[in-house]
Amino acid sequence: MSSQTTTDRDRSSEEPILSIQDLRTVFYTDKEVIRAVDGISFDIHPGETVGIVGESGSGKSVTARSIMGLVDSPGRIENGRIEFRGENLVGKSQKQWRKIRGNGIAMVFQDPLTSLNPVYTVGNQIKEALRLHQGLSGQAATEEAISLLEAVGIPDAGRRVREYPHQFSGGMRQRAVIAMALACDPELLICDEPTTALDVTIQAQILELLNELQEERDLAIMFITHDMGVIAEIADRVNVMYAGEIIETASAVDLFGTPKHPYTQGLLRSIPGSHEQGERLWTIEGDVPTPNEEPTYCRFAPRCPKAFDECERVHPVSVPVEDGAQDHTTACLLYPEDRSETEAVALHESRSTTGGDTE
Ligand code: ADP
Ligand code: MG
């Protein structure tokens, strides 16, 4: 989580830098139609860190790639809006999308080697990014590359700028990739599991670095991970994803303090260290299902300890966890919790059959 000053500032009154509305990204394979991202909505405000958390296969990377205009064939964005600084990106040409990637949104992937070319020095790769995105070349670019390496905490940057990726450790490589991302002076940085391949000490250092860069540059960060412990370290707000849908949204404080969806509760109980001595680590049995049909039911029901008959029949939509709680929503038939079960189910049913999500 960012420092007190950032969390205390009320971001919700500012215009979001990114606003996703009812986004659906679908893969048309020979075998089936996979609704990898199935009608998600969320906002990111300037200077805010929004976490996307969920098990493997829940649609986190496809969400990131949709925002970057990098959905691979046979996939396509089928519905919804992705507004960056108020402008809808859905429907843009590849050329227009490339411009946005270089100028406003940058991405850091799990494996730094996917972003680094082994045959060029780290410095030359950062300089290339500076040339493309900021028009810098020659000595000015070299100096800026060194200062970016310093900004991401690489010691002896003047020497390391001339080294190759294989001469860097895993943690240093990920720092170099972050420096490359900063070379396009982004307002939004999308991080897809950037610390998953690193050991815990290095992971903590990278999270600390991201927090510092955010403070200095007022960066908005979208941080993807399967690890609730990492979310606790870094996120201001959290979206929990399951089988292509966002099933709970809250501030990090509320999500960890009063998790509402049975899936979120399960994820939190499986964080190592969150247990009394001797208590068994609770893991959720089974896997995330492939979302290969329109949901007319709850996709989590087969694994849910609290499922009841209606969960097989009614698709839960995002509702406030209790009436009036706009900043904490969940897609579960047990909510709003101040309504009777029958009333709550009726609310979900009326909203999902009309396809609307407005009230
Ligand atoms: P996560 O990042 O949460 O682990 P992904 O976003 O990578 O999950 O994947 C979500 C779903 O989309 C999965 O069911 C996955 O199989 C499917 N998917 C992702 N990429 C492709 C692709 N290129 N072709 C077909 N299906 C895909
Ligand atoms: Mg992924």
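Numbering starts at 1 and runs along the sequence shown.
- The CD atom of Glu349 sits 11.0 Å away from the OG1 atom of Thr342 when rounded to the nearest 0.5 Å.
- Looking at Ile52 and Phe223, their side chains never come closer than 4.5 Å, going by heavy atoms from C-beta outward.
- Taking the side chain as every heavy atom from C-beta outward, Lys306 and Gln265 approach each other to under 4.5 Å.
- Put simply, the side chain of His166 never gets that close to the backbone of Pro118: no donor and acceptor are under 3.5 Å apart.
- Remark: side-chain polar atoms of Thr225 are paired, donor with acceptor, to backbone N or O of Asp227 under 3.5 angstrom.
- Under the 3.5 Å distance criterion, the side-chain polar atoms of Trp97 are matched with a main-chain donor or acceptor of Ile67.
- At distances below 3.5 Å, at least one donor-acceptor pair connects side-chain atoms of Gln125 with backbone N or O atoms of Asn117.
- Without hydrogens or angle criteria, His226 side chain to Glu55 main chain gives no donor-acceptor distance under 3.5 Å.
- Atom OH of Tyr242 is separated from atom CD of Glu248 by 15.0 Å, given to the nearest 0.5 angstrom.
- Tested against His315 for a side-chain hydrogen bond (donor to acceptor under 3.5 Å, both in side chains), the candidates Glu245, Arg351, Arg299 yield a single pass: Glu245.
- No donor-acceptor distance shorter than 3.5 angstrom exists from the side chain of Ser115 to the backbone of Asp111, with no hydrogens or angles considered.
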Should Phe308 and Glu341 be marked as a side-chain contact (heavy atoms from CB on, under 4.5 Å) after you check the CA-CA gap, both sets of side-chain angles, and the distance that decides it? CA-CA 10 Å; Phe308 52 104; Glu341 194 173 288; 3.5 Å; yes
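- Contact of the Asp327 side chain with the Arg237 side chain is registered, since non-hydrogen atoms from C-beta on lie closer than 4.5 Å.
- When all heavy atoms of Tyr297 and Glu293 are compared, the pair lying nearest together is OH-OE2, 2.8 Å.
- With contacts defined as side-chain heavy-atom distances shorter than 4.5 Å, the pair Ile224/Met222 qualifies.
- Residue Leu219 is grouped with residue Ile126 when hydrophobic side chains (ILVMFWY) are merged at heavy-atom distances under 4.5 angstrom, including chains of intermediate members.
- Residues Met68 and Ile105 are in side-chain contact: their nearest non-hydrogen atoms beyond the backbone lie under 4.5 Å apart.
- With no hydrogens or angles considered, a side-chain donor-acceptor pair links Gln214 and Thr49 at under 3.5 Å.
- At a threshold of 4.5 Å between non-hydrogen side-chain atoms, the residues Leu130 and Leu148 count as touching.
- Counting heavy atoms from C-beta outward, Val230 and Gln203 have side chains that approach closer than 4.5 Å.
- Considering CZ of Phe42 and CE of Met241, their distance stands at 8.0 Å, rounded to 0.5 Å.
- A chain of hydrophobic side-chain contacts below 4.5 Å, direct or via other Ile, Leu, Val, Met, Phe, Trp or Tyr residues, connects Phe300 to Met228.
- Between the side chain of Arg339 and the main chain of Ala344, no donor-acceptor pair closer than 3.5 Å is present.
- Connection of Leu189 to Ile100 is not established within any shared hydrophobic cluster, with ILVMFWY side chains joined at heavy-atom distances below 4.5 Å, either directly or through further cluster members.
- With rounding to the nearest 0.5 Å, the separation of CG in Leu70 from CD1 in Ile190 is 9.0 Å.
- Surrounding CG of Asn79 are more than 12 heavy atoms belonging to other residues, nucleotides or ligands, all under 6.0 Å away.
- Judged purely by distance below 3.5 Å, without hydrogens or angles, the side chains of Gln96 and Ser93 pair a donor atom with an acceptor atom.
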For the pair Ile231 and Phe256, evaluate side-chain contact (heavy atoms from CB on, under 4.5 Å) and give the outcome as yes or no after the intermediate values. CA-CA 10 Å; Ile231 287 288; Phe256 285 92; 3.8 Å; yes
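- At a threshold of 4.5 Å between side-chain heavy atoms, the hydrophobic network of Ile, Leu, Val, Met, Phe, Trp and Tyr places Ile206 and Leu213 in one connected group.
- Side chain of Arg159 to main chain of Pro155: no donor-acceptor pair is present (N/O by atom type, distance under 3.5 Å, no hydrogens or angles).
- Taking both residues in full, the closest heavy atoms of Met107 and Ala64 are given as CE-CB, 3.7 Å, listed atom of the first, atom of the second, then distance.
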Given side-chain contact (heavy atoms from CB on, under 4.5 Å), test Val240 with Tyr263 step by step and report yes or no. CA-CA 9 Å; Val240 183; Tyr263 179 62; 3.8 Å; yes
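- Here the CD atom belonging to Glu83 is positioned 9.5 Å from the CD1 atom belonging to Ile20, to the nearest 0.5 angstrom.
- Ile40 and Val317 fall into different hydrophobic clusters, where Ile, Leu, Val, Met, Phe, Trp and Tyr are joined by side-chain heavy atoms under 4.5 Å apart, directly or via other members.
- The two residues Ala145 and Val161 come nearest to each other via the heavy atoms CB-CG2, 4.1 Å.
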Residues Leu209, Gln205; criterion side-chain contact (heavy atoms from CB on, under 4.5 Å); working and verdict: CA-CA 6 Å; Leu209 167 68; Gln205 292 169 3; over 6 Å; no
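- Remark: Ile221 CD1 to Glu187 CD distance equals 13.5 Å, nearest 0.5 Å.
- Other residues, nucleotides and ligands contribute more than 12 heavy atoms inside 6.0 Å of the CG atom of Asp72.
- Across all their heavy atoms, Leu347 and Pro336 have their closest contact at CD2-CD, 3.8 Å.
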Which pairs of donor and acceptor atoms, one on a side chain in residues 171-182, lie under 3.5 Å apart (sequence neighbours left out)?
| residue | atom | partner | partner atom | Å |
| --- | --- | --- | --- | --- |
| Arg173 | NE | Pro165 | O | 3.1 |
| Arg173 | NE | Phe168 | O | 3.4 |
| Arg173 | NH2 | Phe168 | O | 3.2 |
| Gln174 | NE2 | Phe109 | O | 3.0 |
| Gln174 | NE2 | Gln110 | O | 3.3 |
| Gln174 | NE2 | Pro194 | O | 2.9 |
| Arg175 | NH1 | Val152 | O | 2.8 |

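- Glu143 meets the side-chain contact (heavy atoms from CB on, under 4.5 Å) test with Gln139; sequence neighbours excluded.
- Between the side chain of Thr249 and the backbone N or O of His328 there is no donor-acceptor pair closer than 3.5 Å.
- Checking side-chain atoms of Glu32 against main-chain N and O of Asn292 turns up no donor-acceptor pair under 3.5 Å.
- Between Asp192 and Lys60 there is no salt bridge, since none of the side-chain N atoms of the basic residue sits less than 4.0 Å from a carboxylate O of the acidic one.
- Residues Val288 and Arg303 are in side-chain contact: their nearest non-hydrogen atoms beyond the backbone lie under 4.5 Å apart.
- Closest approach of Ala243 and Pro289 over heavy atoms only: CB-O, 3.9 Å.
- Qualifying side-chain contact (heavy atoms from CB on, under 4.5 Å) partners for Glu294, counting only residues two or more places apart in sequence or in other chains: Arg35.
- For the residue pair Pro16 and Ser19, the shortest heavy atom distance occurs at CG-CB, 4.3 Å.
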